[in-house]
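Structure, as structure tokens:
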Number of protein chains: 2
Amino acid sequence: MINFKRSVNCGGCSECNNKSPLFNSLSSEELEIINKDRFEVTYKSGEMIFKQGTASTHILMLTSGLVKIYLEGYNSKNLLLKVIKPPRIFGALGIYFDNRNYYTATALENSTVCFVSVDNFKQCVRSNPDFAEKFIEHLNRNSVYAFGRFVDLTQKQMPGRVADALLYLANDVYESNPFKITISRQDLAEMTSLSKESFIRILKEFKEENIIKMNGDFIEISKMDALKKISQVG
Amino acid sequence: MINFKRSVNCGGCSECNNKSPLFNSLSSEELEIINKDRFEVTYKSGEMIFKQGTASTHILMLTSGLVKIYLEGYNSKNLLLKVIKPPRIFGALGIYFDNRNYYTATALENSTVCFVSVDNFKQCVRSNPDFAEKFIEHLNRNSVYAFGRFVDLTQKQMPGRVADALLYLANDVYESNPFKITISRQDLAEMTSLSKESFIRILKEFKEENIIKMNGDFIEISKMDALKKISQVG
DNA sequence: TGTTAGTATTGATCTATGTCAACCAAAATT
DNA sequence: AATTTTGGTTGACATAGATCAATACTAACA
């Protein structure tokens, strides 16, 4: 029996040492509620986890791997909002009004996701004000982040946006420099709202100016200050 | 004594018939908590209510007038997020982490705003799960709206964005057609992420194609279907 | 009532960025 | 090993949209 187990790698939420800090405010009884109908699914790199427009049936927890969150726009153009890494909750945007997904989530690497019942989650929000506050904080931080991206994409021009993407990968996604890239040029283009060709052209310029080094799948930011300056200037 | 009154136009939140539906789930005791330290301020058209980056000391309720909410970006370029009309809560984004304002709010017309204590507001969120849920719904709807704008601004080109702005004014802001415009071309440009000149040029094209009529401050959408089509095509 | 200041409009020009098409490299498949 | 497929790269070209500068309008004001 493969992939039908209630949970493969863990002894339940109470013992989980890889859960989102959001859950720290829950008592062990409440964690048991979260754990009750929970199940785990593994995704291969490239597989879609849920699609924009479909019913949002569960709250999702990324426990391993890497996932891209993106908006499907017009003419099959996407807008990559963010790349999330574990531990991280996602997919909760529609659960308090129409239970729909407002973005698409796709695995960028092999990933494991816990599915938590929306009702059980909501029950904890209702019973535990600390948890509710943490959840609201999480939502608001997401909004603030989105606002920042909003301004960056509408006001910076190409070099600034590409610099932002590189800094984001090094500082937030892979948390290392150099880093091995597991995300396609197309994804990077969608992250910066550029055409793939334009993104590549700027990358080439950075390389020629020795701001970055590239060999194969590895990218190293060699002049961090220069890149930060480009990001700021726009 | 002018403008130091605790409240000018009302007999407290319990009796307020102009409060955001968000507050419908509050008991009269809880409304009294909201009402406790509340005060009212009137703004003249053009006056700033709060500025991005400053301390977010209160939750605000727009009770009359019209207010623009915008992000201050780079090189003093703004991004107008939305125009809000009463009854409407605003200014609550930072209250669960750093108590800062993440956008600027400025009166577009003479406006009245109720200032509610953050602590009292939070107390109600903690004590009343229905209220907490409504508040979360409000926040998430805001996010979904922002996502839509995000895609529109990054993927549509000029005519689509101008069409969106006109439809927004007619359907959501003034809720009438024709409507008298109380918002500058600069604001409209910032709403569509265009230069003022480009916005005006497209407006002129719409006029020449008889899609809209303009005289003075009045705009009428005469070919609604055509405008909607332009909005969809992008 | 003339003047000033702010906002709206128009035209001319420039440039950032997208599109299209060709080519290459690596990986997957036969 | 040969071949198809997929994703990355480069160059040539087209264009959406910004910028700059001049002009027109409107409203406040002396």
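The chains referred to below are lettered A, B, ... by the order of the sequence lines, with proteins before strands, and numbering in each begins at 1.
Straight-line distance from the NZ atom of A:Lys196 to the C1' atom of D:dT10: 12 Å, rounded to whole Å. Atom CZ of B:Phe199 is separated from atom P of C:dT10 by 14 Å (rounded to the nearest Å). If you measure from atom CD of B:Glu190 to atom C1' of C:dT7, you get 14 Å, rounded to the nearest angstrom. Going from atom CG of A:Asn215 over to atom C1' of D:dG8 covers 15 Å, rounded to whole Å. When rounded to the nearest whole Å, the span between CD1 of B:Ile219 and P of C:dT9 equals 9 Å. Rounded to whole Å, the distance from CG on B:Asn75 to C1' on D:dT19 is 14 Å. For the pair A:Glu197 CD and C:dC20 C1', the interatomic distance rounds to 8 Å; values are reported in whole Å. Residue B:Ile202 contributes atom CD1, which lies 13 Å from atom P of C:dT10 at whole-angstrom precision.
For A:Lys68 and A:Tyr70, the positive end sits near the middle of the six-membered ring, less than 6.0 Å away and at most 45° from its axis.
Contacts of B:Ser193 with the nucleic acid, taken as non-hydrogen atoms under 4.0 Å apart, involve only primed sugar atoms and P, OP1 or OP2. Counting any heavy atom pair closer than 4.0 Å across all strands shown, A:Ser184 reaches sugar-phosphate atoms only and no base atom.
With D:dG17, C:dT9, C:dT17 as the choices, the nucleotide that has an atom nearest any side-chain atom of B:Arg185 turns out to be C:dT9. Nearest nucleotide to the A:Ser198 side chain, out of C:dT10, C:dG18, D:dG17: C:dG18. Considering only the side chain of A:Ile200, D:dT10 comes nearest among D:dT19, C:dT17, D:dT10. For B:Leu194, the listed nucleotide lying nearest its side chain is D:dG17; candidates were D:dT9, D:dG17, C:dT10.
The aromatic rings of B:Phe90 and B:Phe50 lie parallel to each other, their planes meeting at an angle below 30°, with 60° marking the opposite boundary.
Side-chain contact check for A:Ser56 and A:Asn99: no donor-acceptor pair (N or O, by modelled atom type) lies under 3.5 Å.
Under 4.0 angstrom from either OP1 or OP2 of C:dG18 there lies at least one side-chain N or O belonging to A:Ser195. Phosphate contact (OP1/OP2 of C:dG11, side-chain N/O of B:Lys204, threshold under 4.0 Å): present. Not one side-chain nitrogen or oxygen of B:Lys156 sits closer than 4.0 Å to the OP1 or OP2 atom of D:dG17. Distances shown here put every side-chain N or O of B:Arg201 at or beyond 4.0 Å from the OP1 or OP2 atom of C:dT9.
Side chain of A:Asp217 to main chain of A:Ile181: no donor-acceptor pair is present (N/O by atom type, distance under 3.5 Å, no hydrogens or angles). Side-chain N or O atoms of B:Arg161 include one that pairs as donor or acceptor with a backbone N or O of B:Thr192 at under 3.5 Å.
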